[in-house]
Every structure is written in C-alpha cells, then in structure tokens.
2 protein chains.
Amino acid sequence: MRNDIEALARRVGDIEIKTEAYYRYAYSYDATGRRGTCLGVVFPLGLKDMASIIRESSRMEIPFFIRGAGTGFSGGAVPGGGGIVISTEKMRRIIDLDMEAGTVEVETGLVNRKLQDFLEPEGWFYPPDPASMNVSTIGGNIAENAGGPRAYKYGVTRVYLRSLTWITADGDVIESPVEGPAALLPGSEGTLGAVYSAVLSILPLPAAYMTTVVTTKTDEDAMKIASDLLSIGFCPSVMEFIDSKTMKCVSKYSRTEVFDNGGSYLFFEIDGSEDLVKAQQKILESFCRDRKLESVTAADDRERDLLWELRRSISPSLARKGITKVNEDIALPLGRLADAVTFIHRTASELGLDCYLFGHCGDGNLHVNIMTDRRRKEEMKRTDIFVEQLFSEVARMQGTLSGEHGIGITKIRYLDKIFSHAELDLQKKIKSVFDTQGLLNPGKYFSS
Amino acid sequence: MRNDIEALARRVGDIEIKTEAYYRYAYSYDATGRRGTCLGVVFPLGLKDMASIIRESSRMEIPFFIRGAGTGFSGGAVPGGGGIVISTEKMRRIIDLDMEAGTVEVETGLVNRKLQDFLEPEGWFYPPDPASMNVSTIGGNIAENAGGPRAYKYGVTRVYLRSLTWITADGDVIESPVEGPAALLPGSEGTLGAVYSAVLSILPLPAAYMTTVVTTKTDEDAMKIASDLLSIGFCPSVMEFIDSKTMKCVSKYSRTEVFDNGGSYLFFEIDGSEDLVKAQQKILESFCRDRKLESVTAADDRERDLLWELRRSISPSLARKGITKVNEDIALPLGRLADAVTFIHRTASELGLDCYLFGHCGDGNLHVNIMTDRRRKEEMKRTDIFVEQLFSEVARMQGTLSGEHGIGITKIRYLDKIFSHAELDLQKKIKSVFDTQGLLNPGKYFSS
C-alpha cells in the first residue's frame with residue numbers, strides 16, 4: 001500500500017502527498033467523531049493538479065476521498081481506508097464576480113463565510129447558510145446539498161448552482177450546467193464526481209431585517225403556531241424551532257436568562273425592503289397579541305446579532321451535554337411535525353435517552369439530537385433502537401432520512417427504509433456509470 | 001409489426017389497444033406540429049394496467065411512448081415509430097388530499113386546471129402554472145419539469161414533487177421520494193421511467209392579489225426596469241415580459257386597444273396577505289411615478305381576469321401570424337436578458353424573419369418565436385440559421401437551451417452546444433441503466 005502511494009507520488013510529479021501520521025489522522029474524521037483511515041493527504045492548488053491526481057489515482061486504482069472542511073454530520077468525508085484524501089482547502093479563489101449576471105464563480109475549497117464577506121460590501125449575498133458556514137466550504141455544501149435557516153425562503157444549495165466544473169472518476173474535466181447527469185452531483189457526497197469550481201447565483205442584499213423570538217407553551221403549540229402564521233400569509237425568510245431543553249442548554253452556555261422559562265421557541269427573521277419588513281412585522285405582532293404570546297424583537301443590529309448568536313450556539317452548547325452526539329436530521333411535510341415531535345419525545349423518554357430537538361421548521365426539517373457517550377455500550381444500543389424507530393416512523397409519514405446532512409456512513413444502513421430494492425439497485429448501476437472502478441468515496445451513498 | 005401488436009394485445013388481456021388510423025394519427029403529434037408514427041394507442045385505467053402494458057411491451061421489445069395531453073413544444077411526446085403510445089388520459093383520479101400535511105396525491109393523467117379547480121374551494125393551490133394548464137397534465141408537467149408565470153416566486157414542478165410512483169422500463173413499480181435515481185425523472189421527458197402517480201406539495205391560497213401592466217419604451221428598458229425593481233426589494237409572484245410586436249398581435253386578437261401603443265410591457269402580479277400586497281403595490285407605484293412609467297392595475301377580479309386573458313392569449317394570437325411557429329425557450333441569468341434581446345432582434349432582422357419575444361423575465365426565461373411556414377423551404381433554412389446562432393449565443397452567455405419546454409426532438413441536435421462529449425456519453429450510459437433495451441421514448445433526451 002505504502003508503495004502504491006510512493007508510486008502515485010512519482011506519477012503526479014511536483015504535487016506533494018503528505019503521508020505523515022499527523023495528516024493521516026487529522027484528515028480522516030468529520031463532525032460525527034467517526035474516524036476512518038487513509039494512506040495520505042494531498043492538497044491540489046488548482047484544476048490541473050486536481051485532475052492530474054484523480055487521473056493517476058484512477059490509473060493505479062487507488063480510491064480517493066474529496067474533502068472540504070470535514071464539518072459534515074453523517075460521515076460523508078470520512079475515508080474508508082486504502083486510499084488518499086484530496087483536500088480542497090488550498091483551492092479557495094474567487095474566480096469571477098459578474099454583478100450584471102448576478103453570479104460569482106468560485107473554487108470549491110472556499111469557505112462559505114469568506115464568500116459572504118467578499119459579497120457583502122458589493123451589496124450581494126449567497127443564500128445557503130448552513131450552521132457550519134463559518135468553516136464549511138462551498139464544495140462540502142454542494143456535496144451535501146446544504147440548506148440552513150434561510151433555506152425556508154431561499155431554497156437549498158442546488159437552487160443556486162448555475163454550472164459546475166467537475167472531474168470524472170477517470171480524471172476528465174467537464175464544464176456544464178447542472179442538468180442531465182450533472183444534476184445528480186449536488187447531494188451525492190462526492191461519490192459520482194469531484195467538483196472543482198462552481199458558478200453560483202447570488203442575490204442583492206435585503207435592505208432591512210427584523211428578528212423575533214416567540215415563546216410558546218409546548219413544542220406542539222409551536223408547530224401549530226408556525227402553520228397558522230404561514231396560512232395567514234406571513235412569509236418570513238427564517239422560521240426555526242427550538243425545544244425547551246435545547247433552549248435551556250443554549251441559555252446556560254451563553255449566560256442569557258431571557259429564554260429560560262420552560263417554553264418552546266420559534267425564531268423568525270423577515271427580510272426585504274423597509275416597507276415590506278414593517279408590513280410583515282405588523283402581521284406577526286398582531287398575531288402574537290391575539291394569541292397572547294410573548295415575543296422579543298431585536299431593536300437594532302447588535303440585538304439581532306445576539307439572537308443569531310443564540311441560534312448558532314445550539315451545536316456547541318449541546319456538545320457539553322455528552323461525549324457523543326447522535327444527530328439525525330429528518331424532513332417531513334410541515335403538517336406532520338407536531339405528530340413527529342410527540343413521537344420523538346415519547347420514544348426517547350421510553351428508552352431513557354437525553355433528547356434535544358430543534359430545526360428549520362418552515363422546511364419541515366427537524367434536527368433530532370441524542371446526547372450520549374460512545375463508551376456506554378448499553379446506552380448506545382438504546383440509541384440505535386431509537387434511530388431505527390425514528391426512521392421507520394419518518395418513512396411512514398412520507399418523510400426523508402436527511403434534510404441537509406446527507407447519508408454518509410451513519411445512515412447508509414437505513415436507506416432501505418426509503419428506497420426499494422429496485423431503486424438501490426439503480427443507484428449502484430448509476431454509480432458504476434460515473435465511476436467504473438468504484439474509486440470515488442467508496443462505501444457511501446450510491447454505492448451501498 | 002402489426003402481428004407484434006396483435007400478440008401484445010393478447011398478452012395484456014382485457015386492456016384494449018386501439019390500432020385504427022384515427023387513433024394512430026391523433027396521438028402521434030404535439031404542439032410543435034411535428035408528427036410521428038405509432039402502431040397503436042392504449043389507455044390504461046390504473047397502475048396495474050400501466051405496469052402490465054409496460055412489462056409485456058418490454059418482454060416483446062416494443063418501444064413505448066408515454067403521452068399526457070400532447071401540448072409539448074419540443075416534440076417530447078411525438079412517437080418515433082414502431083411502438084405504442086401509452087396515453088395517461090384515463091388515469092386522472094385525485095387519490096388523496098391531506099390538508100394537514102399540505103399534500104395531494106394524483107394520477108398523472110389529471111389535467112393541471114382540474115387539480116386547481118379541485119383545490120381552490122378547499123383553500124389551496126398547486127403553484128406550477130404552465131400556459132397550457134387548461135389542458136396539459138400533471139404527468140406532462142413532470143416530464144418537462146414545467147414552470148409558468150408563477151415559477152418566478154414559487155419555483156418549477158420539481159420543487160413540488162414529494163414522491164412518485166413510477167414504472168421502470170421492465171414494468172417494475174417503484175414508490176419513492178424524488179431523490180437518488182428518481183431525482184432524474186422530472187424533466188427527463190419519459191425517457192427513464194413512466195410516472196403513474198405523484199404526491200405533490202400544495203400551498204394555502206393567498207388572501208389577495210394585485211395585477212399590474214407597466215409600459216416601457218423599449219425591450220431593453222423593460223429588462224433594466226425589471227432588474228431595478230428586484231434590487232429595491234420588490235418581490236412579485238409573477239414578472240412577465242411582452243415585446244411590442246407580441247402585444248400588438250395580442251391586442252388585435254383580443255380587440256383591446258389599451259396596450260397597442262408601440263411600447264414593451266412588464267406584467268406583474270403580487271400575492272399574499274392584504275397588507276403585504278398593499279405594501280408591495282406601493283413600492284411599484286412609487287417606482288412608476290419616479291420613472292414616469294405608464295401602468296394599469298386591475299381594480300377587481302374581473303379586470304384581473306382580463307389582464308390574465310391577454311397574457312394567456314399570446315400563443316393563440318401568434319398562431320394567426322404563420323403556419324409554423326418555431327418556438328424556443330432559452331434561459332439566461334437575469335442580467336444577460338437585455339443583451340440577449342438586442343442580439344435576437346438584430347439577428348432576426350438580418351435574416352429577414354418575423355420574430356416575437358415574451359417570457360418569464362423574472363426567471364431569465366425568454367420565449368423566442370419565429371412565425372414562418374414549413375412549406376417555404378428557403379425561409380425555414382434561414383430560421384435554422386437563426387436558431388443555430390441563437391443557441392451558440394446562449395451557450396456563450398452561460399444559459400440553457402430550455403427554460404421549461406424540454407429538449408424533445410426539436411433541440412436534440414443542439415445538445416452538444418451545452419453538454420460536452422463526455423457528458424453526452426454519461427447521458428447515454430444512464431439511459432441504458434434505466435432502460436436496458438432502449439424502449440422508453442427512444443430517440444429523445446438521454447438517448448442521443
């Protein structure tokens with residue numbers, strides 16, 4: 001194996017392959033905490049490098065794992081062993097900003113936040129905003145078809161992809177719109193091709209925002225209020241749900257006592273022109289008045305930032321609650337959420353598990369977190385039972401196993417709850433069309 | 001061949017295959033006016049029938065062409081000969097309305113308008129609204145991934161597909177979310193599988209609408225005004241462009257003189273709650289005042305219907321202008337539209353062609369119509385040159401050959417302007433995964 005890497009290194013000439021233990025360790029896990037193994041890590045500097053590494057790996061039949069920032073929640077970037085990790089982190093150029101067309105072309109190693117920071121002074125933004133946006137890359141966002149709070153109004157990554165420059169498993173370079181075969185790339189977790197760069201649609205920055213947190217008595221109330229608000233024509237850009245346990249945890253973490261009153265929470269943001277934001281805020285306020293709901297609205301940018309900080313602190317604050325976070329992100333029709341929440345709390349409590357719920361309830365996307373410890377074998381078994389029951393219920397409710405975190409390795413064994421045998425068979429065949437030798441991120445989505 | 005059909009008829013038992021000339025003629029063309037040939041037409045009454053016909057056709061290696069209402073603009077439903085047409089027109093049941101989940105399940109032969117008529121009294125609507133909606137079917141809309149005026153705000157058909165029950169080329173039935181392999185079905189024009197039914201997302205009907213037509217001096221002005229309005233936070237549900245020649249033609253057809261002043265037109269609709277619609281209308285009105293633009297706003301439902309009738313009369317009114325309508329629907333980034341319009345008018349005039357432009361300018365989707373006569377060979381040659389030049393320019397501007405009409409047979413020879421050889425090769429391989437024997441709508445998208 002080691003000899004293989006040495007031979008590969010000779011063939012790719014001046015592109016260095018790092019084989020030190022430090023690299024092999026640091027680049028072999030993701031946010032799930034699961035660790036894989038690899039023989040080396042390589043950092044292409046551009047399209048030529050990346051295509052050349054893939055072409056030579058392909059000739060030598062060495063598997064390769066494209067990696068962004070490794071912030072994924074399903075193991076998509078965890079290498080399965082015996083191959084090399086191709087990190088995109090040194091390919092982070094902004095190639096072209098075309099304000100007339102409303103597009104920006106970037107290398108996929110660019111961090112989402114860096115793109116936003118570049119666009120903002122020019123008066124633009126790129127809508128996908130996964131919670132990981134401060135560190136996760138555009139390439140990783142494409143691989144998982146990432147969403148985020150704003151996806152409720154603006155849609156997920158796929159919506160903003162105009163064209164891709166990508167490398168096939170054989171090392172051929174293709175530049176094309178996201179149609180036909182390339183339409184399968186977003187969300188396929190690097191199993192069908194390696195995306196080098198993308199032309200992304202961007203939008204003019206809204207002139208105004210209004211951010212409000214509404215307290216509700218129970219989780220089920222929150223879901224009902226969310227539907228009722230939508231049905232009277234309220235159209236926020238962000239509509240998030242946070243259950244009481246999660247909010248308690250966040251409040252403690254960020255030392256805020258305002259939201260620690262045992263209720264559940266809806267987090268809204270409205271954006272648009274000044275007038276439209278005001279008109280929308282009126283709808284929300286009069287609704288809260290009629291229903292006697294408590295609400296807090298950010299008075300200025302500083303308060304808005306504080307509210308967003310609370311929302312973004314959910315993941316880090318939960319991390320204190322247990323060594324291992326089993327983090328599922330189911331997606332359901334909006335009207336099913338209340339039933340799903342009841343089911344989840346009941347099942348978790350029956351199994352004696354510590355469960356935290358939050359998510360993008362506007363999209364029907366709920367994050368279900370069990371805080372546990374991998375070393376407590378018996379509790380892990382109960383967690384497995386929980387996940388199994390959760391996914392069966394989700395399939396029954398016509399939902400999907402992943403709203404935005406992908407299938408990776410953690411959900412691969414549940415695919416048959418959603419897809420029939422005939423479809424899984426089609427997936428495998430499609431995989432073999434894109435990747436004859438099975439070298440692209442083997443063992444993941446499309447290959448099981 | 002005739003014997004094949006007789007043998008097939010025996011194998012499918014009590015499902016009648018119509019072989020009379022009347023059927024074979026009536027079911028072998030679409031709105032392009034191009035006619036194909038077929039050996040017979042069959043009208044399955046449900047999933048069992050449809051799967052059985054496909055299974056037996058597949059065993060006998062008889063090609064089959066799934067057909068909705070035949071209103072397509074690219075020949076997608078035109079049979080390529082030697083096979084049977086499977087019409088969905090007798091499968092038009094509404095299977096289930098689930099208001100709690102916000103979904104409706106329908107057989108794909110259901111006409112889009114019939115679905116809207118069913119949903120409206122219940123307080124819901126299904127957003128995709130192709131111009132053909134009074135006659136076109138949900139299945140045809142899925143096959144072409146249809147849009148419509150409202151797609152600007154609400155997105156195209158794909159966005160509203162929750163799950164599909166579809167039949168593979170071998171006759172196997174698959175029920176699945178629109179993910180993995182099934183994600184390729186919308187827009188694939190019946191070349192990868194036959195969709196029997198769909199669970200669709202629906203939305204609560206907006207409480208209010210406001211419809212306004214704004215007159216601009218030139219086409220280029222219209223495009224500039226459209227961008228400027230969006231950049232100040234105006235967010236209509238519909239934003240259509242109609243050029244002066246097209247509007248003249250519509251005005252004559254519908255005997256309205258209001259819009260026959262030589263200008264170009266923007267057609268806006270705003271929807272939402274009463275308050276929000278009013279706030280948006282204010283933005284539009286003050287913009288028009290500042291720019292000294294003439295505008296007409298519908299005062300009530302009757303006037304709204306009149307304006308929509310004008311918009312919907314575009315196709316029938318153009319039909320009077322020539323025997324043959326060469327109708328392309330390019331899609332471009334919004335900021336490229338003004339340049340594209342200039343290019344189109346100049347090229348058409350240089351080639352002495354009668355050209356009409358309109359479309360969903362919010363989505364960058366422009367309908368380019370050349371009114372001609374198939375029998376005038378020399379003019380058809382000039383039309384071919386026009387289309388060739390148009391598509392080259394569109395490719396250069398990073399646009400696509402079809403916003404919503406599909407590839408069908410009319411655009412198949414231009415696919416290489418958008419897709420590389422490697423990609424076209426992938427398309428063929430994917431086609432053969434779904435359809436080993438090449439029996440599903442052969443000769444169309446994915447098989448060229």
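Chain letters run A, B, ... following the sequence lines, proteins first, then strands; residues in each count from 1. Computed from heavy atoms alone, side chains included, the values below leave out hydrogens, waters and symmetry copies. None of these values were measured; they are calculated from a predicted model.
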For this session: Give the member of A:Glu175, A:Glu100, A:Lys429 that has the highest number of heavy-atom pairs under 4.5 Å with chain B.
Result: A:Glu100
Exercise. What part of A:Trp166 gets closer than 4.5 Å to chain B, counting heavy atoms only: side chain, backbone, both or neither?
Worked result: side chain
Problem set entry | Between CD1 on residue A:Ile430 and CZ on residue B:Phe434, distance to nearest 0.5 Å | 4.0 Å
Exercise. Going by residue number, which parts of residues 199-206 of chain A are within reach of chain B, meaning a heavy-atom gap below 4.5 Å?
Worked result: A:Val199, A:Pro204
For this session: Grab the two heavy atoms, one from B:Leu276 and one from A:Ala279, that are nearest each other, plus how far apart they are.
Result: CD2-CB, 3.7 Å
Exercise. Based on non-hydrogen pairs under 4.5 Å, which of B:Thr400, B:Asp170, B:Val277 is most in contact with chain A?
Worked result: B:Thr400
Exercise. Distance from A:Ile283 atom CD1 to B:Glu274 atom CD, nearest 0.5 Å?
Worked result: 10.5 Å
For this session: Output the distance between atom NZ (B:Lys282) and atom OG (A:Ser273), rounded to the nearest 0.5 Å.
Result: 11.0 Å
Problem set entry | Per-residue contact mode, A:Asp98 against chain B (heavy atom under 4.5 angstrom) | side chain
For this session: To the nearest 0.5 Å, tell me how far B:Glu423 CD sits from A:Thr168 OG1.
Result: 10.5 Å
Exercise. What part of A:Ala207 is in contact with chain B, defined as an atom under 4.5 angstrom from a non-hydrogen atom: side chain, backbone, both or neither?
Worked result: neither
Problem set entry | A:Gln398 CD to B:Arg162 CZ distance, which is reported to the nearest 0.5 Å | 8.0 Å
For this session: Give, as side chain, backbone, both or neither, the part of A:Asp271 having an atom under 4.5 angstrom from any heavy atom of chain B.
Result: neither
For this session: Considering only heavy atoms, give the residues of residues 176-184 of chain B separated from chain A by less than 4.5 Å, sorted numerically, with 'none' for an empty result.
Result: B:Ser176, B:Pro177, B:Glu179, B:Gly180, B:Pro181, B:Ala182, B:Leu184
Problem set entry | Heavy-atom pair with the smallest gap, counting every atom of A:Pro333 and B:Ala101 | CB-O, 3.3 Å
